[in-house]
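First listed ligand is number 1; within each ligand, the first listed atom is number 1.
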Amino acid sequence: MKIPQADLRAQYHTIKEEVTAAIADVIENTQFVRGPRSKQFEQAFAKYCETGFAVGVANGTDALMLALRAVGIKAGDEVITSAFTFTATGEAVHWVGGKNVFVDIDPENYAIDASKIEAAITERTRAIIPVHLYGHPADMDAILAIAKKYDLKVIEDAAQAHGARYKGKRVGSFGNVASFSFYPGKNLGAYGDAGGIVTNDPKVADAVRMLGDHGSAKKYENDVMGFNSRLDGIQGAVLGVKLNHLDEWNQRRREITTFYSDAFKDIPAIQTPKESSWAESVYHLYVIQVDHRDQVKQKLNEAGIGAAIHYPRPLHLQKCYGFMGLGAGSFPVAERAGERVLSLPNYPEMTEEMLEYVVAAVKKVLSV
Ligand SMILES: *Cc1c(COP(=O)(O)O)cnc(C)c1O
C-alpha cells in the first residue's frame with residue numbers, strides 16, 4: 001500500500017463538479033483578481049471565523065507581513081514569537097524590519113509557552129505572534145493578559161488552524177488580527193498560493209486591503225507605498241467551495257487522530273499528541289515523538305508511508321537566523337521537538353484500511 005502524507009487528488013475527486021464549475025465561472029466572467037467570488041469567500045470566511053472582516057491576499061506569508069504593518073509594526077520593533085514554527089513567521093517579522101524575539105514552546109502542545117513570554121519583553125517589544133501549530137490553539141487567555149499588561153499587539157498565526165477552537169471560540173477571533181495561509185496542503189487550501197487575514201477591527205481590515213492593492217483605496221490614488229498581494233479570483237472560487245466542507249474534513253482529521261492515539265496508547269515508545277484542556281485542535285498534522293526518529297521515518301517511508309518531519313530544526317538554529325547568535329541550548333523544548341517529531345499521514349480521505357496499515361507499520365518498525 002502507498003499512503004502519502006496528504007492526498008489532494010483524493011480530495012479533489014470528492015468535490016470535482018462543484019469546484020470545476022466555480023473555476024469555469026471565474027474564467028467565463030474574467031474575474032481573475034479579487035472579484036465577486038473572492039469577495040463572497042471573504043465574507044463567508046469572516047463569518048466562519050466569528051470575526052467582523054476578512055481580507056484575501058496572495059499567500060500566508062504576505063498575510064502575516066501585511067497584518068504586522070496594519071497594526072503598526074515598524075523597523076526596530078521587537079516581536080515575540082515561537083522558536084518552533086514554519087520559517088514564514090520569522091520571515092514576516094524580519095521583512096517588516098522588526099526584530100524576532102523567540103520564546104520556547106509548551107512541551108504538550110507545541111505552541112508558544114505563555115509562562116516564558118514576560119521574561120522576553122523589553123521596552124521595544126510591540127507585539128506577540130502566537131502560532132497555532134499543527135492546528136492546536138495556543139493559550140490565548142494567558143497571551144492576551146500579557147499583551148494587555150504591556151500594551152502589545154497580538155497577531156495570531158493561524159496558518160495551520162482553520163476552524164480550531166479555543167474555549168469554544170474560533171482561533172483568529174482573539175488577537176488584533178490573525179493571518180491564514182490557504183496553501184494547497186493546509187486544512188483549507190486553494191489550488192495555488194493564497195492567504196488572508198481576519199479581524200474585528202475595520203481599520204486593520206481596510207489597511208490590509210489597501211496595502212495589498214498598491215497602497216490604493218481608490219483606483220490610481222496611491223496614498224501609501226503598498227504591495228501587490230491580492231486574492232486571485234480562481235483561488236477565491238476554490239476556497240468558497242471548499243469552505244463548505246471544512247468542518248466535515250476537520251472532524252475527520254479528529255477521528256483519525258483518535259484512531260491513531262487509541263492504537264498507540266499503551267506504547268511508551270510513542271508520545272502521542274495531547275490536546276490542552278482549552279483546545280479543540282483541527283490536527284493539521286498528526287505529530288508523534290519517538291527516539292531514533294530519522295530511522296523510524298526512513299523505515300516507514302520504505303513501507304510506502306509518507307511520514308514526514310515538521311520541523312527538523314527550530315528557527316534559531318536555521319542558517320538564515322544565524323545572525324541572531326542563538327546557539328544550541330537556547331530553547332531546549334523546541335530543540336528536543338526538532339529531534340523527535342514525526343508526522344504520520346492524516347488527511348480526511350484516509351480509509352480505515354489505510355489507518356490500520358499505518359498503525360501496523362509503526363508498531364512493526366518500533367518492534368512493539
Ligand atoms: C504555511 C505557513 C505560513 C505561510 O503560509 P504561505 O501561504 O506558505 O505563505 C505561515 N505560518 C505557518 C505556521 C505556516 O504553516
Distance-only donor-acceptor check, side chains [X] and [Y], under 3.5 Å:
{"X": "Asp139", "Y": "Tyr166", "value": "yes"}
{"X": "Tyr150", "Y": "Glu118", "value": "yes"}
{"X": "Asn200", "Y": "Thr51", "value": "no"}
{"X": "His310", "Y": "Gln5", "value": "no"}
{"X": "Asp247", "Y": "Tyr48", "value": "yes"}

*Measure centre to centre between the rings of Tyr321 and Phe102, then say whether the value is under 6.0 Å.*
yes

Name each N or O atom in ligand 1 that is under 3.5 Å from a protein N or O, and give the partner atom and the distance.
{"residue": "ligand 1", "atom": "5 (O)", "partner": "Ser181", "partner atom": "OG", "Å": "3.2"}
{"residue": "ligand 1", "atom": "7 (O)", "partner": "Gly60", "partner atom": "N", "Å": "2.7"}
{"residue": "ligand 1", "atom": "7 (O)", "partner": "Ser181", "partner atom": "OG", "Å": "2.6"}
{"residue": "ligand 1", "atom": "9 (O)", "partner": "Gly60", "partner atom": "N", "Å": "3.3"}
{"residue": "ligand 1", "atom": "9 (O)", "partner": "Thr61", "partner atom": "N", "Å": "2.8"}
{"residue": "ligand 1", "atom": "9 (O)", "partner": "Thr61", "partner atom": "OG1", "Å": "2.5"}
{"residue": "ligand 1", "atom": "11 (N)", "partner": "Asp157", "partner atom": "OD1", "Å": "3.3"}
{"residue": "ligand 1", "atom": "11 (N)", "partner": "Asp157", "partner atom": "OD2", "Å": "2.8"}
{"residue": "ligand 1", "atom": "15 (O)", "partner": "Gln160", "partner atom": "NE2", "Å": "2.8"}
{"residue": "ligand 1", "atom": "15 (O)", "partner": "Lys186", "partner atom": "NZ", "Å": "2.9"}

